Amino acid sequence: MDDYIEYFAVAFGVIYVVLAARGIIWCWAAGILSSILYIYINLHHTLYQDAILQTYYVLAGFYGWWIWNKKDTHPEEQDVLTWSLSKNGKLILLGVILVPLFGYGFSKLGNSLPYFDAAVTVFSFIATWMTAKKILENWLFWIVIDVIAAGMYFVKGLHATSGLYIFYSIVAIYGYYQWRKQLKLV
């Protein structure tokens with residue numbers, strides 16, 4: 001039964017990232033469903049920090065849906081934006097500061113890979129917020145996050161989820177170029 005739940009979580013995750021790359025609002029519904037299933041999976045495997053991350057994704061999914069839905073009344077908020085290296089650098093610095101704090105907390109929960117989990121968690125928080133705001137560089141964050149997460153989930157024995165993150169990395173590259181087209185940078 002757990003394998004089927006993981007496969008459904010993966011399927012909804014695939015739908016989420018493909019729709020997000022194309023800028024389609026229904027991505028958030030698929031992401032919410034995927035995250036709810038992953039909360040169950042992670043709790044079942046005692047991966048509590050992953051469950052926390054998935055809980056954040058559920059909340060961020062509703063936030064992203066709300067932000068992207070505002071296009072009817074505020075169409076200018078639906079434009080893809082690009083940020084300077086300096087602005088992105090501040091987000092990276094924030095992540096670098098928070099990773100050791102989260103890593104230490106995760107190590108106290110008995111996590112086998114606390115600092116890798118912390119890096120994925122912290123930078124996923126940042127990248128999800130950037131996705132909701134339609135910041136182009138979110139895709140660059142996701143490429144790095146997804147490659148690290150793929151290796152981490154493989155080590156944890158969640159091989160379908162590891163494959164999902166490899167797929168996410170590929171779609172993140174696609175999403176980056178799709179959003180660049182919207183900015184007319186390509």
Side-chain angles (χ1 to χ4, degrees), residues 13 16-17 20-21 27-28 31-32 34-36 38-39 41-43 45-68 77 79-156 158 161-162 164-173 175-177 179-180 183 185:
Y16 161 75
V17 75
C27 68
W28 298 108
I32 291 166
S34 177
S35 295
I36 289 170
Y38 271 117
I39 290 169
I41 291 166
N42 290 320
L43 290 175
H45 289 294
T46 64
L47 301 171
Y48 300 116
Q49 67 290 337
D50 294 315
I52 291 167
L53 178 58
Q54 294 300 325
T55 301
Y56 169 78
Y57 285 157
V58 170
L59 299 173
F62 285 110
Y63 173 73
W65 199 342
W66 176 71
I67 291 288
W68 285 23
E77 293 186 20
D79 293 337
V80 174
L81 305 172
T82 187
W83 281 357
S84 67
L85 183 59
S86 170
K87 204 165 188 177
N88 283 298
K90 289 176 185 174
L91 290 175
I92 293 169
L93 180 61
L94 174 65
V96 167
I97 291 168
L98 292 176
V99 165
L101 299 173
F102 275 63
Y104 178 77
F106 290 167
S107 71
K108 294 302 176 189
L109 292 172
N111 186 292
S112 60
L113 302 169
Y115 292 93
F116 282 103
D117 268 325
V120 168
T121 300
V122 166
F123 283 101
S124 292
F125 285 174
I126 293 168
T128 301
W129 175 78
M130 292 172 72
T131 304
K133 293 290 195 178
K134 284 200 166 180
I135 308 302
L136 171 67
E137 291 78 14
N138 86 83
W139 296 110
L140 300 176
F141 280 68
W142 282 123
I143 292 165
V144 174
I145 293 164
D146 294 339
V147 167
I148 293 169
M152 192 176 65
Y153 282 113
F154 187 83
V155 169
K156 290 179 181 184
L158 294 170
T161 301
S162 178
L164 174 64
Y165 277 88
I166 291 168
F167 178 75
Y168 279 171
S169 301
I170 295 165
V171 176
I173 294 167
Y176 179 74
Y177 285 103
W179 285 26
R180 277 180 58 99
L183 281 170
L185 296 175

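None of these values were measured; they are calculated from a predicted model.
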Novice: For F154, look at atom CZ and say whether over 12 heavy atoms of other residues, nucleotides or ligands are found less than 6.0 Å away.
Specialist: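 12 or below, so no.
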Novice: Do V144 and L140 have side-chain heavy atoms sitting under 4.5 Å apart?
Specialist: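 A side-chain contact under 4.5 Å is absent here.
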Novice: Side chains of Y153 and D50: does their closest heavy-atom pair fall under 4.5 Å?
Specialist: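 Side-chain contact under 4.5 Å: yes.
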Novice: For D79 and K134: C-alpha separation, side-chain torsions, deciding distance, then whether side-chain contact (heavy atoms from CB on, under 4.5 Å) applies.
Specialist: CA-CA 7 Å; D79 293 337; K134 284 200 166 180; over 6 Å; no
Novice: Do Y16 and S35 get their side chains close enough for a donor-acceptor pair, meaning under 3.5 Å?
Specialist: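 No, because no side-chain N or O of Y16 sits under 3.5 Å from a partner of the opposite role on S35.
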Novice: Hey, what's the ring geometry for F62 with W65, parallel, tilted or perpendicular (30° and 60° as the breaks)?
Specialist: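 Parallel.
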Novice: Search all heavy atoms of A127 against all heavy atoms of W142 and return the closest pair with its distance.
Specialist: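 Nearest heavy atoms, A127 then W142: CB-CE2, 3.4 Å.
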Novice: Taking the inter-plane angle between the rings of W83 and W129 on a 0 to 90° scale, is it parallel (under 30°), tilted (30 to 60°) or perpendicular (over 60°)?
Specialist: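 Rings of W83 and W129: tilted, 30 to 60°.
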Novice: Quick check on L85: does its CG atom have over 12 non-hydrogen neighbours (other residues, nucleotides or ligands) under 6.0 Å away?
Specialist: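 Check fails, neighbour count at 12 or below.
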Novice: Within the 4.5 Å heavy-atom criterion, are L94 and K90 side-chain neighbours or not?
Specialist: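 Contact flag for L94/K90 side chains = no.
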Novice: Which heavy-atom pair separates M130 from E137 by the least distance, and what is that distance?
Specialist: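 Answer, listing the atom of M130 first, then E137: CE-C, 3.8 Å.
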Novice: Would you mind reporting whether T131 and W28 have side-chain heavy atoms less than 4.5 Å apart?
Specialist: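 Side chain of W28 against side chain of T131, heavy atoms only: contact under 4.5 Å found.
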Novice: So, T121 versus Y56: side-chain donor-acceptor pair below 3.5 Å or not?
Specialist: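 Per modelled atom types, T121 and Y56 side chains form no pair under 3.5 Å.
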Novice: Atom CD1 of I126 and atom CD1 of I135: how far apart are they, to the nearest 0.5 Å?
Specialist: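 The CD1 atom of I126 sits 13.0 Å away from the CD1 atom of I135.
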Novice: For a quick test of reading the model, state the closest non-hydrogen atom pair linking G103 to A118 and the distance between them.
Specialist: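 The pair with the smallest heavy-atom distance is N-CB, 3.3 Å.
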Novice: Which pair of non-hydrogen atoms, one from S169 and one from D146, has the smallest distance, and what is that distance?
Specialist: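 Here S169 and D146 meet closest at OG-CB, 3.2 Å.
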Novice: Could you grab the distance from atom CD1 of I148 to atom OH of Y165, nearest 0.5 Å is fine?
Specialist: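 Result: 12.0 Å between the selected atoms.
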Novice: Carefully, step by step, assess L81 and K133 under the rule side-chain contact (heavy atoms from CB on, under 4.5 Å).
Specialist: CA-CA 8 Å; L81 305 172; K133 293 290 195 178; over 6 Å; no
Novice: For the pair W139 and I173, evaluate side-chain contact (heavy atoms from CB on, under 4.5 Å) and give the outcome as yes or no after the intermediate values.
Specialist: CA-CA 7 Å; W139 296 110; I173 294 167; over 6 Å; no
Novice: Fit a plane to each ring of F123 and F141, take the angle between them on a 0 to 90° scale, and name the class: parallel (under 30°), tilted (30 to 60°) or perpendicular (over 60°).
Specialist: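 Tilted.
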Novice: State, with a plain yes or no, whether a side-chain heavy atom of L164 is found less than 4.5 Å away from one of Y38.
Specialist: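 L164 vs Y38: side chains touch.
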Novice: For the residue pair K156 and T161, establish whether any side-chain heavy-atom pair is separated by less than 4.5 Å.
Specialist: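 K156 vs T161: side chains apart.
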Novice: Considering all heavy atoms of both residues, which atom of Y168 and which atom of G13 are nearest to each other, and what is their separation?
Specialist: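 Residues Y168 and G13, closest heavy atoms: OH-CA, 3.1 Å.
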Novice: At what distance, to the nearest 0.5 angstrom, does CE of M152 lie from CG of L113?
Specialist: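 Output value for this atom pair is 7.0 Å.
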Novice: Apply side-chain hydrogen bond (donor to acceptor under 3.5 Å, both in side chains) to residues S124 and Y57 and explain how you reach the verdict.
Specialist: CA-CA 9 Å; S124 292; Y57 285 157; 3.0 Å; yes
Novice: side-chain contact (heavy atoms from CB on, under 4.5 Å) between W179 and N138: does it pass, once the steps are laid out?
Specialist: CA-CA 10 Å; W179 285 26; N138 86 83; 3.2 Å; yes
Novice: Supply the atom-to-atom distance C27 SG to I32 CD1, rounded to the nearest 0.5 angstrom.
Specialist: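 The CD1 atom of I32 is 9.0 Å from SG of C27, to the nearest 0.5 Å.
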Novice: Where is the tightest heavy-atom contact between I39 and A51, given as atom of each residue plus distance?
Specialist: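 Smallest interatomic distance, heavy atoms only, reads CG1-O, 4.0 Å.
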Novice: More than 12 heavy atoms of other residues, nucleotides or ligands under 6.0 Å from OH of Y115: yes or no?
Specialist: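 Result for OH/Y115: enclosed.
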Novice: Got a second to check how far T55's OG1 is from I36's CD1, nearest 0.5 Å?
Specialist: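 Those atoms lie 9.5 Å apart.
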Novice: Whether the side chain of S162 engages the backbone of G151 through a donor-acceptor N/O pair (distance < 3.5 Å, no angle test) should be reported.
Specialist: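 Absent.
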